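Structure first, then comments.
Remember, it's a predicted structure, so these values are computed and weren't measured experimentally. A note on names: the letters A, B, ... follow the listed sequences, proteins ahead of strands, and every chain is numbered from 1.
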Amino acid sequence: MMGARREHVDATVGIPPAVTDETEAFWTAAAEGRLVVERCTTCGAESFPPRGMCRSCRSRSTSPSEIIGRGVVYSFTVNHQRWLPDLEVPYAVVLVEFPDHPGVRVAGRLRGCAPDEVTVGMVVEVGFEPGPGGFSIPSFVAEERES
Amino acid sequence: MGTELFERRVVISGVGQSEIGRQVDRSGLQLTIDAVLAAVEDAGLTVDDIDGLAMFPGGGTANLPGYANGNLYEVQDALRVATTWRQGQVEGMSLPFYGPAQAVATGQARHAVIWRTVKEGSAARDAGGRPAYGSTKPVAEGPLAWLLPVGMLSPVCQIAPYATRYMHDHGVTREQLGWIPVTQRVHAARNPDAVYQAPLTMDEYLEARMISTPMCLYDCDVPVDGATAIVVSAVETVPDLRAPVRIEAMAGVVDGRPSWDQWEDFGRVGYGAAEAMWARTDLRPRDVDVAQLYDGFTIEAVWWLEAMGFCGPGEAGAFVEGGYRIALGGELPLNTWGGQLSGGRLHAAFGHTAEAVRQVRGEAGDRQVPGAEVAAVTNVGGFEAGASLLARW
């Protein structure tokens, strides 16, 4: 679409997360551009968001585990409403699942395409960008499509 | 039904509401007292009869401006009642009368009143015309920590991806969704307490500004100020009551992951509650005369139509198309008070319950469904789900 590939929308206006014992590893890794979930050291299942407990076998023994590889857009919305002063709109938010990591679904912004080009089933790469309060937030990147 | 159901040991005896408006210049506490006194009078009781109190939410933990008001201590002190049972429902509100019904059925109280007071209309005004949603807290806690920081700043942004997915999977169109607010606005014109009564056309719906795709302005309920109170009474007090209403069956089931981003398939959020509810009654969907289905967003009413079995999975778009099935005079009049989309966001199915009670009593005025004996009431506040049938005594 002509002119649709606009400059990137700033994501720093907003509300930062409260960091807890359970979520500290996620936000620390996010600052390094890495997506980590909780992996059970007993059964190997992955859980997200981190709760300090395996959602598969209920073991309390977990450790951070990095998700590498592509995700698939489960669904999306394009937000047009300026909920806060200076919030830049519109922007796309996606819920991303990972074929190799059942049970992991992560919400994030979407870059690399115009908001109105996002589709269900779109393949995306893991990414982060500067978000509110100095945090890095999940910001998936649309895979280049062959034209 | 082999075993006695606890909901058959109680009745809904009264409902009452304060003035409802986009802005009402009365405090949350005064609106609450207005509604409680009206509900107690409606029941045919006096305040001295009340021995159970509950409010939703308790504690005001939600970070939505105007969402939580008052304080159970203040209301109890104002009413000057002694209680044998109390509840401040912060979470787990499957239906407004669910907890009170359990308390009354188990003898912890004889007449319990529960209320919900919103000042979200004033909160929007006080925000300077800006949308009031967002956050009253500087940081996002709990499940919201995964949503607000990435820009899912309002419930509409949070439910919208599930609407996108549902419409993608089932081929449902925006025009089909539009028949819900358009039809409910026709109903609201017959409700003098509805905040929006002027006709809404399909063109106006389709041209309305987008909030968070695919949800436009008219897919979202209307922030208001107002209070609703409901009295739940023990069945043995029926001779003392003006117009009791039977709770035929009710259930609250949360069988998915309880968060906006992790629930597996929001289109099925009400299925567990509806299935559990139908298992408690011999009535079937065709026996329902009028439906008050939660409509914080149009898409929630769509999902409830399917969950309750009024149509099949994926069929609700076709079911509401043209509006004739869900209109007054149709096979399933929907949200006859205008719903939260036109009547106002009284929230958590408090407004829906009040209307269901009026309908099965035959007290719904110009919008009365002739001969209505059974009303469905459902509630989804996000990933919560509650389903019930209220019936003529």
Side-chain angles (χ1 to χ4, degrees), chain A residues 9 11-20 22-23 26-27 30 47-50 55 73-85 87-97 103-110 115-116 118-121 128-129 131-133 135-140, chain B residues 63-65 124 127-169 208-217 219-220 257 259-267 299:
Chain A
V9 171
T12 62
V13 172
I15 298 162
V19 179
T20 66
E22 292 78 16
T23 65
F26 176 90
W27 294 110
S47 299
F48 186 82
R55 294 194 71 255
V73 172
Y74 168 77
S75 196
F76 67 90
T77 185
V78 179
N79 176 63
H80 292 260
Q81 182 81 4
R82 200 180 303 277
W83 301 106
L84 299 165
L87 181 70
E88 290 190 14
V89 293
Y91 54 83
V93 180
V94 288
L95 300 181
V96 174
E97 297 182 335
V104 175
R105 180 191 283 174
V106 181
R109 296 235 184 173
L110 180 71
D116 60 4
V118 58
T119 57
V120 170
F128 291 83
E129 70 173 306
F135 284 86
S136 287
I137 58 167
S139 177
F140 296 94
Chain B
N63 61 343
L64 301 172
R130 281 191 285 113
Y133 282 121
S135 181
T136 55
K137 294 184 179 180
V139 296
E141 298 172 345
L144 293 176
W146 310 103
L147 299 169
L148 304 186
V150 302
M152 299 174 87
L153 288 160
S154 158
V156 62
C157 310
Q158 295 157 14
I159 204 165
Y162 294 94
T164 299
R165 180 74 194 213
Y166 171 87
M167 293 166 76
H168 172 268
D169 287 350
R209 64 190 167 86
M210 193 56 72
I211 305 296
S212 197
T213 61
M215 299 282 97
C216 76
L217 181 67
D219 289 304
C220 305
R257 296 189 65 182
S259 84
W260 287 101
D261 52 324
Q262 299 298 328
W263 190 288
E264 290 80 357
D265 176 3
F266 237 94
I299 195 70

Which atom of [X] lies closest to which atom of [Y], heavy atoms considered:
{"X": "B:V150", "Y": "A:R109", "answer": "O-NE, 3.0 Å"}
{"X": "A:R105", "Y": "B:E264", "answer": "NH2-O, 3.0 Å"}
{"X": "B:R257", "Y": "A:G103", "answer": "NH1-O, 3.9 Å"}
{"X": "A:A18", "Y": "B:V139", "answer": "CB-CG2, 3.8 Å"}
{"X": "A:P16", "Y": "B:P138", "answer": "CD-O, 3.4 Å"}
{"X": "B:P161", "Y": "A:L95", "answer": "CB-CD1, 4.0 Å"}

When you look at B:L148 and A:W83, which way does the side chain to side chain contact (heavy atoms under 4.5 Å, CB included) test go after all the steps? CA-CA 11 Å; B:L148 304 186; A:W83 301 106; over 6 Å; no
Who wins among A:G133, A:S139, A:P132 for the most heavy-atom pairs under 4.5 Å with chain B?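 The option with the most such pairs is A:P132.
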Pick from B:P143, B:C157, B:A145, B:P149: which one has the most heavy-atom pairs with chain A under 4.5 Å?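 Result: the option with the highest number of such pairs is B:P149.
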Residues A:V106, B:D261; criterion side chain to side chain contact (heavy atoms under 4.5 Å, CB included); working and verdict: CA-CA 8 Å; A:V106 181; B:D261 52 324; over 6 Å; no
Donor-acceptor pair, distance only, cut-off 3.5 Å: does the side chain of [X] make one with the backbone of [Y]?
{"X": "B:T213", "Y": "A:V78", "result": "yes"}
{"X": "B:R165", "Y": "A:V120", "result": "no"}
{"X": "A:Q81", "Y": "B:S212", "result": "no"}

Side chain, backbone, both or neither: which part of [X] has a non-hydrogen atom closer than 4.5 Å to chain B?
{"X": "A:Y91", "answer": "side chain"}
{"X": "A:F26", "answer": "side chain"}
{"X": "A:V93", "answer": "side chain"}

If you measure from [atom1] on [X] to [atom2] on [Y], what distance do you get to the nearest 0.5 Å?
{"X": "A:L87", "Y": "B:L153", "atom1": "CG", "atom2": "CG", "result": "6.0 Å"}
{"X": "B:M152", "Y": "A:N79", "atom1": "CE", "atom2": "CG", "result": "9.5 Å"}
{"X": "A:F76", "Y": "B:H168", "atom1": "CZ", "atom2": "NE2", "result": "8.5 Å"}

Non-neighbouring partners of B:D265 that pass salt bridge (charged side-chain N to carboxylate O under 4.0 Å, His left out), sequence neighbours left out: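 Expected list: none.
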Walk me through whether B:I211 and A:H80 qualify under side chain to side chain contact (heavy atoms under 4.5 Å, CB included). CA-CA 5 Å; B:I211 305 296; A:H80 292 260; over 6 Å; no
